[in-house]
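Down below is the structure, laid out as structure tokens.
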Amino acid sequence: MNLYNTLTRKVDEIKLLNPPTVTVYTCGPTVYDHAHIGHWFTYIRMDTLIRTLKANGLKTNWVMNITDVGHLTSDADEGEDKLEKGAKREGKTAWEVAAYYTDEFIESMNELNILEPDHIVKATDHINDQVDLIKVLEQKGFTYVISDGVYYDTSKFPRYGDFAKLDIDEQQAGKRVELNPEKKNPTDFALWKLSPKDSKRDMEWDSPWGKGFPGWHIECSAMSMKYLGDTLDIHCGGIDHIPVHHTNEIAQSEAASGKPFANHWMHSNHVMVDNQKISKSLDNGITLEDVKAKGYTPLDLRLHVLESNYRSQSKFSWESLASAKQRLLEIQAMAVLRYQAKPESSDYVSFALSDVPKEVLNMLNNDLNTPSVLAYLSDVVTQLLTVGIEGDMVDHFEDMLAGLDELLGLKLLEIKDIDSDIRELVAKREEARLNKDWEEADKLRQALLDKNVAIEDKATGPQWRWVAVR
RNA sequence: GGCGCCUUGGCGGAGUGGUUACGCAGAGCUCUGCAAAAGCUCGUACACCAGUUCGAUUCUGGUAGGCGCCUCCA
């Protein structure tokens, strides 16, 4: 498959180190607050990547980290630890905060039908791995110690900043944030932060350098290399990670191993709300709970994400979410045709059912072109809703739905049939209609609508669909 | 100040050197007992100014506007 590679700045064919296995690492959440739709855009896109890789016959080994320690409120390694800050805010320990938001995150992943990563790894479970990696860097001369911790000396890594095309000398580091005067270079970052002498942290560990906690960047390098080896196939993350987090990961990992850290880098662009980025400081984060409270399902949001390309700066609005919901309802109306097979169809569709998932896969293989997938699907849906499904087509039709579900995660095959009561109402209405008892027929149609079922009278008989699918 | 990206019809959003993507919303029509979240049709979109070209929304240069990163952040 072809995928844009931040490393080369062009669409590359993905080359694997050990086919048919593909190793993927995704920078996961920092679990100190609710995830917002920006996170979900990113993780749904990662999920689409994984689904596409699997559909290509590859065996995925997917690692996602949970940052539950060490992520400071400033990437310049100043400020508070987010977990400790969250703990103060909520009157809990940092451990409790982390556990709460980790559980919530995983529950939301399930609701959004994001596949479960092969390994979900917590930073706090891998302190030793991180300490070991820092030791290696220390032995190789990439570190120095100052009063508040162990730092990586970026001047020792000549390629530092190449990945993000950073012109270090031109950066105005420190313009907006006070720099630690002990740091040798503005871009140097903490590998191990020492606990303050006058206070005890909820989370702290012993280390050769003293009691403290790991820097934010070291966890991804340590866990990635532990589970996936020195070099991995695809590293994913939000686009904001390019200049700092991923730049630092590369510096640490490649300095330690002497090998390329990742062959392919995929970055999800941001989603804008009211033409602005979602951020803590603007307090404009819409959560999955907010989405559900407005009457939308997690799958509505999922479809909305598929409507845009992961590389473009996308926009979120309630209006476009409503649009996505309508679009999904049409697709879902097609899916329940499998319960409504007819003796014969009035016409033919212009495609083979078995080709539909293949066609979708082709589009996904082209740099995850999900908008084109939906355009194509729209044609498929329209034709099938017009023509209907014949009895001997049901197996092929269900295979098609299964193929689409694997790729798009829309749970089309999980949509329930109407129960016997509703089926009876449908039959009664049709009977009344045939008897030209229009009043009764319309009454029954309304009764069905109250049960979220809409009826369309086709030449071949009534066809139902759900008007709200949970 | 430095670096990078973007600008498509009311909204979202693909794509292409010459031929209507697609969806939502809107308008008209059709089927229908009436309907339909059904079907069909429509709006004659590609920021602006130059250049290259037989021909540019698509390439090049510039202008304007927006956004992102260099704080937090997916």
Side-chain angles (χ1 to χ4, degrees), chain A residues 9 26-30 33 35-46 71-76 78-79 82 161 164-178 186-187 236-245 267-272 275-282 285 303-304 306-317 319-333 363 369-379 381-383 385-386 432-433 436-439 441-442 445-446 449 454-459 462-463 465-468:
Chain A
R9 308 278 162 157
T26 294
C27 287
T30 301
D33 203 346
H36 57 62
I37 50 169
H39 298 101
W40 297 127
F41 266 68
T42 297
Y43 297 123
I44 288 168
R45 288 161 168 172
M46 305 308 169
H71 197 163
L72 303 184
T73 51
S74 159
D75 280 353
E78 303 300 319
K82 291 179 176 195
K165 298 201 188 301
L166 297 177
D167 187 345
I168 304 302
D169 296 337
E170 294 298 328
Q171 300 261 5
Q172 295 196 346
K175 186 174 182 182
R176 289 197 284 174
V177 157
E178 198 80 11
T187 47
C236 313
I239 197 169
D240 51 300
H241 283 149
I242 295 172
V244 179
H245 184 52
H267 289 100
S268 171
N269 208 328
H270 286 310
V271 55
M272 316 297 275
N275 212 27
Q276 279 188 306
K277 196 176 84 157
I278 301 168
S279 64
K280 279 283 160 228
S281 46
L282 292 169
L303 190 85
H304 183 33
L306 296 178
E307 283 183 319
S308 63
N309 186 278
Y310 75 94
R311 279 208 281 146
S312 45
Q313 203 170 65
S314 309
K315 297 165 203 165
F316 175 89
S317 68
E319 187 185 359
S320 50
L321 184 58
S323 165
K325 184 185 186 68
Q326 286 302 112
R327 187 172 199 145
L328 182 58
L329 277 172
E330 280 298 297
I331 299 170
Q332 290 169 331
M363 292 171 176
N369 193 341
T370 52
S372 287
V373 167
L374 293 180
Y376 169 71
L377 213 52
S378 173
D379 181 46
V381 167
T382 298
Q383 289 196 44
L385 280 173
T386 305
R433 205 169 73 89
K436 298 193 190 299
D437 183 353
W438 311 126
E439 199 180 329
D442 288 351
R445 180 161 61 196
Q446 185 56 48
L449 216 44
I455 298 287
E456 296 156 26
D457 294 317
K458 301 272 182 180
Q463 194 172 88
R465 59 161 67 187
W466 293 107
V467 293

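Numbered from 1 within each chain, the chains take letters A, B, ... in sequence-line order. Because the structure is predicted, anything quoted here is derived from the model rather than measured.
Rounded to an integer number of Å, the gap from A/Leu306 CG to B/A21 P is 22 Å. Residue A/Gln276 contributes atom CD, which lies 18 Å from atom P of B/A74 at whole-angstrom precision. The interatomic distance linking A/Leu449 (CG) with B/A36 (C1') rounds to 10 Å, in whole Å. Rounded to an integer number of Å, the gap from A/Ile278 CD1 to B/C67 C1' is 14 Å. Rounded to whole Å, atom P of B/A35 lies 16 Å from atom CD of A/Glu439. Look at NE2 on A/His270: it is 20 Å from P on B/G66, rounded to the nearest Å. Across the protein-nucleic acid pair, A/Arg9 atom CZ and B/C3 atom C1' stand 10 Å apart, rounded to whole Å. The CD1 atom of A/Ile331 sits 13 Å away from the C1' atom of B/C24 (whole-angstrom rounding).
Nucleotides B/G62 and B/U52 have their C1' atoms positioned 15 Å apart, rounded to a whole Å. Taking the C1' atom of each, B/G39 and B/C48 are spaced 41 Å apart, rounded to whole Å. Straight-line distance between the P atoms of B/A37 and B/G26: roughly 10 Å, to the nearest whole Å. Comparing B/G15 with B/U58, their C1' atoms are spaced 9 Å from each other, to the whole Å. Going from the P atom of B/G9 to that of B/G51 covers 26 Å, rounded to whole Å. Only the C1' atoms considered, B/C42 is 23 Å distant from B/A35, to the nearest whole Å. Distance noted for atom C1' between B/U16 and B/C59: 12 Å (whole Å). A distance of about 11 Å separates the C1' atoms of B/G43 and B/G10, rounded to the whole Å.
Taking a pair to require two hydrogen-bonding distances under 3.5 Å in either a Watson-Crick or a G-U wobble arrangement, B/U44 remains unpaired. Pairing partner, B/C3: B/G68, with both Watson-Crick or wobble hydrogen-bond distances short of 3.5 Å. Under the Watson-Crick and G-U wobble criteria, each requiring two contacts below 3.5 Å, nucleotide B/A50 is paired to B/U60. In a base pair of the Watson-Crick type (N1 to N3 plus N6-O4 or O6-N4) or a G-U wobble (N1-O2 and O6-N3), with each distance short of 3.5 Å, B/A38 is matched with B/U30. Using the Watson-Crick or G-U wobble rule with both distances under 3.5 Å, B/G12 pairs with B/C22.
Of the possible donor and acceptor atoms, one in the side chain of A/Thr386 sits under 3.5 Å from a partner among the backbone N and O of A/Thr382.
The nucleotide whose nearest atom lies closest to any side-chain atom of A/Gln326 is, among B/C24, B/G33, B/G15, B/C24. Minimum atom distance to the side chain of A/Val467 is reached by B/A37, of the listed B/C22, B/A37, B/G33. Listed nucleotides: B/C34, B/A25, B/G10. Nearest to the side chain of A/Asp457: B/C34. Comparing B/A74, B/G39, B/G13 against the side chain of A/Pro371 picks out B/G13 as the nearest. The nucleotide whose nearest atom lies closest to any side-chain atom of A/Arg445 is, among B/A14, B/G12, B/G33, B/G33. Candidate nucleotides B/G33, B/A36, B/A74 were compared by shortest atom distance to the side chain of A/Trp438, and B/G33 ranks first. Among the nucleotides B/G13, B/G23, B/A74, the one closest to the side chain of A/Val271 is B/A74. With B/C34, B/A38, B/C67 as the choices, the nucleotide that has an atom nearest any side-chain atom of A/Glu456 turns out to be B/A38. The listed nucleotides are B/A74, B/C40, B/C67; the one nearest the side chain of A/Met272 is B/C67. Counting only heavy atoms from C-beta on, A/Glu319 has its side chain closest to B/G10 among B/G10, B/A14, B/G23.
When each of A/His36, A/His304, A/Met46 is checked for a side-chain contact (heavy atoms from CB on, under 4.5 Å) with A/Phe41, only A/His304 meets the rule.
Within the nucleic acid shown, A/His241 comes within 4.0 Å of sugar-phosphate atoms alone, with no base atom in reach, counting heavy atoms only. Using a 4.0 Å heavy-atom distance criterion, A/Gln463 is classed as making no nucleic acid contact. When heavy atoms are screened at a 4.0 angstrom cut-off, A/Lys315 is found touching the sugar-phosphate backbone but no base atom. Within the nucleic acid shown, A/Lys458 comes within 4.0 Å of sugar-phosphate atoms alone, with no base atom in reach, counting heavy atoms only. Among the protein residues, A/Leu385 comes within range of no part of the nucleic acid, since none of its heavy atoms lies under 4.0 Å from any strand. Here A/Ser378 lies in heavy-atom contact (under 4.0 Å) with sugar-phosphate atoms only. Within the nucleic acid shown, A/Ile37 has no heavy atom closer than 4.0 Å to any nucleic acid atom. Backbone-only engagement by A/Glu307 is indicated by non-hydrogen atom pairs under 4.0 Å involving sugar-phosphate atoms exclusively.
Closest heavy-atom contact between A/Glu307 and A/Ser320: OE1-O, 4.2 Å. Among all heavy-atom pairs drawn from A/Tyr43 and A/Cys27, the shortest one is OH-O, 3.2 Å. Of all heavy-atom pairs spanning A/Arg45 and A/Ser314, the tightest one is NH2-OG, 2.8 Å.
Contact between the side-chain N/O atoms of A/Ser312 and the OP1/OP2 oxygens of B/A14 is found at a separation under 4.0 Å. Considering only side-chain N and O atoms, A/Asn369 lies under 4.0 angstrom from the phosphate OP1 or OP2 of B/G15.
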Item to check | Derivation of the side chain to side chain contact (heavy atoms under 4.5 Å, CB included) call for A/Leu306 and A/Val373 | outcome: CA-CA 9 Å; A/Leu306 296 178; A/Val373 167; over 6 Å; no
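In the interface, the side chain of A/Asp442 is paired with the base of B/G33 through a donor and an acceptor atom under 3.5 Å apart.
Toward the 5′ end of RNA chain B lies the nearest nucleotide of A/Ser314, the other residue of the pair A/Ser314 and A/Asp379 mapping further downstream. Toward the 5′ end of RNA chain B lies the nearest nucleotide of A/Ala375, the other residue of the pair A/Arg465 and A/Ala375 mapping further downstream.
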